[in-house]
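Order of appearance sets the numbers: ligands from 1, and atoms from 1 within every ligand. Since we're looking at a predicted model, the values are computed, not measured.
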Amino acid sequence: MVSPIRFLMCAPDHYDVDYVINPWMEGNIHKSSRDRAVEQWNKLYKVIKDHAIVDLVTPAKGWPDMVFTANAGLVLGENVVLSRFLHKERQGEEPYFQQWFENNGYNVQVLPKDLPFEGAGDALLDREGRWLWAGYGFRSELDSHPYLAKWLDIEVISLRLIDDRFYHLDTCFCPLANGYLLYYPGAFDSYSNRVIEMRVALEKRIAIEEKDAVNFACNAVNIDHIVIMNKASDELKLKLAEVGFQVIETPLTEFLKAGGASKCLTLRVTEPVREEVHATTQVESRIIRLEGHLLDAGLINRALDLIVDMGGSFQVLNFNLGEQRQSTSAAEVKVSAPSHDVMEGIFSNLIDLGAVDLPQDEKDAKLEPVLQAGVAPDDFYVSTIYPTEVRINGLWFKVENQRMDGAIAISQTPNGMVAKCKILRDLEIGEQVVVDVQGIRSIRKTESREQRNAQEFSFMSSGVSSEKRVELVVEQVAWELRKIRDAGGKVVVTAGPVVIHTGGGEHLARLIREGYVQGLLGGNAIAVHDIEQNMMGTSLGVDMKRGIAVRGGHRHHLKVINAIRRFGSIARAVDGGVITGGVMYECVKNDIPFVLAGSIRDDGPLPDTQMNLILAQQEYTKIIQGAEMILMLSSMLHSIGVGNMTPAGVRMVCVDINPAVVTKLSDRGSVESIGVVTDVGLFLSLLIQQLDKLTSPYVSNIG
Ligand code: ARG
């Protein structure tokens, strides 16, 4: 029986593997056998002819991949969107296919130049005609999808391909009759997998394994209950049989060498139109402008990489290269995303890099009211460490109290509109919160190269140092500490008990005594061990001079806690002469404010320890205010806590023996943070030595 379905094929007269434009072609140049290719193609031709009508397009010499007629274009009803091949190796096929479509009465739509789209290789109609699945990521541009929707008047669902072996949608995805779907989930990003799962019910999804996928099992031709493919495992055949499909295998190994199989070798040219379906697409585009040292600072690469990594695509519309070393560059980039959600994700990251809308596209920020105290609207914009501005009634407002992981709350005050970063729990009913990613920009300084190098820890911006570089870091930190002290600036230290265990206590005490530290943050333990060391010579029961455990020493710290509790506070214990030296002693003696934030595991605690964590966070924030540098010494908990509260522009130096802690902090993406993986006691001792070397005081000539 022959159904009225028609396919277009092209005989392999000129077929060969002549070049490499996909991973299957690698190592296969001129390795396919012409005779076998002809024989395999003829077999496929016959099989398809048993079930449908086959039209032929005349092969053209010099265009070996023309056999893959799936890539001629995409047909729906009378309309066809002609392919625009990505690679020049195939672009010459376009006029031949165009001719064929025109000769056969199709209405041919031609995409703008430089907008690749590879036809039915990357766009597959739901077999019920309900919508069009369209792939992007390798051969076809996401920006072609809105054209497909418009010209074919159908809903387009965009799917992102991420495995280059499955570079065309039809290599890993095959809609079947009755709403079934044969596909290889590994070829798609997680977002696309979710989209697929939302559209196709579990019992209709036939997910195949890699072993079948690499045999091009998804590259199948489906005619009613028949599925024609190169090869299928027994399991797959069984699975398909269970839902009423019969697999016909026809070997196409010679064509696999070029990265194609049965579906690629055919183009279905009769696709019925469903009257009730109409054009829609979730694809969104937005043009951004980036300015600064786009090349030197690698900003443009980061922007483009993140767009693609997050599932979007881009087109650089303009790039104005700064000619002089000092001049900045500007770029205009069209960003496209498969949906608003994805666009939001991409855009919030681009904002961090300083991306802005074109002036004519600028819009006010979207605001939604706080309806429940301490709870933001769902789609709230999550703040970052970078100085941010929001646009309200056409004016840009600077956001106060910049910090990461907050919401931006807008309130009307007697002095006008105020925008503030607030942590969720502090949001109040009546405030408006910025949602979505519109009308938000972050201000990035664009210093010249020279300035940048002088102002930042230039030798390893946000990198993690190896042991060898510790000395370099120490030199630079010492220099900065000296400079900040002499200029009357502010340095805050967060410290964990390890500072004491590793013998760093005396060095930290000296830093405080000599005026290098203006605030100390930690937990109960740093204070307990510091005082224990001062009062008993041990840290958690270990003799600090001999490095061995003292008999009964494990009780020392409890004795110490008890003693301080008797006095009511560390300061009173210092006054009472019980504590005669050490980190806490120096803080008290030198009027350096400290906050000890409690935790569930604290013994005691010391009377000074703030066990109300909300208050502790508030007290921390106060101490950090105005700091130019924060030295984070071996305390994962307190350092990360502090990192979250700190805006960009504050230099953070994180010293920890555990690389994970260091990386976590430098991952904030701020160039001002550096990490040192080393023993903190050693670091502090080197730092003191270096400070001693800087004998002549630095005289600041700024300000
Ligand atoms: N060598 C061809 C290419 O890389 C193979 C095309 C396969 N066609 C397909 N619809 N997947 O373009």
Side-chain angles (χ1 to χ4, degrees), residues 7-12 14-32 34 37 40-41 44 48 57 59-60 62-75 80-94 96-97 116-125 132-141 144 148 159 161-175 182-184 187-188 213-222 228-230 252-269 271:
F7 287 89
L8 176 67
M9 291 182 71
C10 174
H14 307 295
Y15 170 70
D16 196 359
V17 181
D18 267 359
Y19 42 75
V20 176
I21 55 171
N22 70 48
W24 304 92
M25 298 174 102
E26 257 160 52
N28 275 329
I29 289 192
H30 305 314
K31 290 269 172 65
S32 71
R34 168 65 49 85
Q40 292 181 343
W41 186 91
L44 175 70
I48 297 202
V57 54
W63 304 107
D65 272 338
M66 203 174 154
V67 284
F68 299 113
T69 48
N71 301 120
L74 172 67
V75 178
V80 48
V81 181
L82 191 70
S83 285
R84 268 223 185 272
F85 286 95
L86 174 74
H87 296 291
K88 63 174 184 332
E89 285 85 346
R90 295 199 62 183
Q91 286 164 359
E93 300 171 31
E94 291 166 16
Y96 297 103
F97 287 132
F117 165 66
E118 300 203 345
D122 260 336
L124 299 165
L125 283 151
L132 178 72
W133 301 98
Y136 71 100
F138 294 105
R139 298 294 186 84
S140 299
E141 257 312 313
S144 65
L148 307 180
L159 300 176
L161 300 167
I162 53 165
D163 180 335
D164 69 349
R165 294 171 302 170
F166 306 104
Y167 57 96
H168 274 145
L169 185 64
D170 70 358
T171 60
C172 50
F173 194 88
C174 184
L182 181 68
Y183 78 121
Y184 174 55
F188 300 91
V214 295
N215 280 326
F216 274 66
C218 288
N219 198 251
V221 179
N222 172 222
I228 304 159
M229 63 175 78
N230 167 58
L252 291 161
T253 49
E254 291 316 304
F255 298 97
L256 249 58
K257 293 175 183 168
S262 55
K263 162 67 175 59
C264 302
L265 291 166
T266 59
L267 174 70
R268 188 160 169 155
V269 286
E271 293 280 13

Would you say [X] and [Y] make side-chain contact, with heavy atoms under 4.5 Å?
| X | Y | result |
| --- | --- | --- |
| Glu118 | Leu86 | yes |
| Trp133 | Pro175 | yes |
| Asn22 | Arg139 | yes |
| Trp63 | His14 | no |
| Met9 | Leu44 | yes |

In terms of residue, atom name and distance, what is the protein heavy atom nearest to [atom]?
| atom | answer |
| --- | --- |
| atom 6 (C) of ligand 1 | Arg90 NH1, 3.3 Å |
| atom 10 (N) of ligand 1 | Asp170 OD2, 2.7 Å |
| atom 2 (C) of ligand 1 | Asp65 OD2, 3.3 Å |
| atom 9 (C) of ligand 1 | Cys264 SG, 2.7 Å |

If we only consider heavy atoms of Tyr167, is any one of them less than 4.0 Å away from an atom in ligand 1?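 Yes, Tyr167 has a heavy atom closer than 4.0 Å to ligand 1.
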What do you reckon, does Arg139 put a non-hydrogen atom under 4.0 Å from ligand 1?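 Judged by the 4.0 Å heavy-atom criterion, Arg139 does count as contacting ligand 1.
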Heavy-atom pair of closest approach, residues Ala123 and Leu148: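 Taking Ala123 first and Leu148 second, the nearest heavy atoms are CB-CD1, 4.5 Å.
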Which atoms from ligand 1 have a heavy atom of [X] less than 4.0 Å away?
| X | answer |
| --- | --- |
| Gly121 | 10 (N) |
| Ile21 | 3 (C), 4 (O), 12 (O) |
| Met25 | 1 (N) |
| Ala70 | 10 (N) |

Got an N/O contact under 3.5 Å between Ala258 and ligand 1?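 Such a contact does occur with ligand 1.
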Would one find an N or O of Glu118, backbone or side chain, under 3.5 Å from an N or O of ligand 1?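 No - when backbone and side-chain N and O of Glu118 are compared with those of ligand 1, no distance drops under 3.5 Å.
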Indicate the ring-plane relationship of Phe255 and Tyr15, choosing parallel, tilted or perpendicular according to the 30° and 60° boundaries.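 If you compare the ring of Phe255 with that of Tyr15, the planes turn out tilted.
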How are the rings of Tyr183 and Phe173 set to each other: parallel, tilted or perpendicular (split at 30° and 60°)?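 Rings of Tyr183 and Phe173: perpendicular, as their planes differ by over 60°.
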Presence of salt bridge, Asp170 and Lys263, under 4.0 angstrom: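 Looking at Asp170 together with Lys263, the answer is yes, because their closest N to O distance falls below 4.0 Å.
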With a 4.0 Å heavy-atom cut-off (strictly under), which part of His87 contacts ligand 1: side chain, backbone, both or neither?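 Answer for His87: neither.
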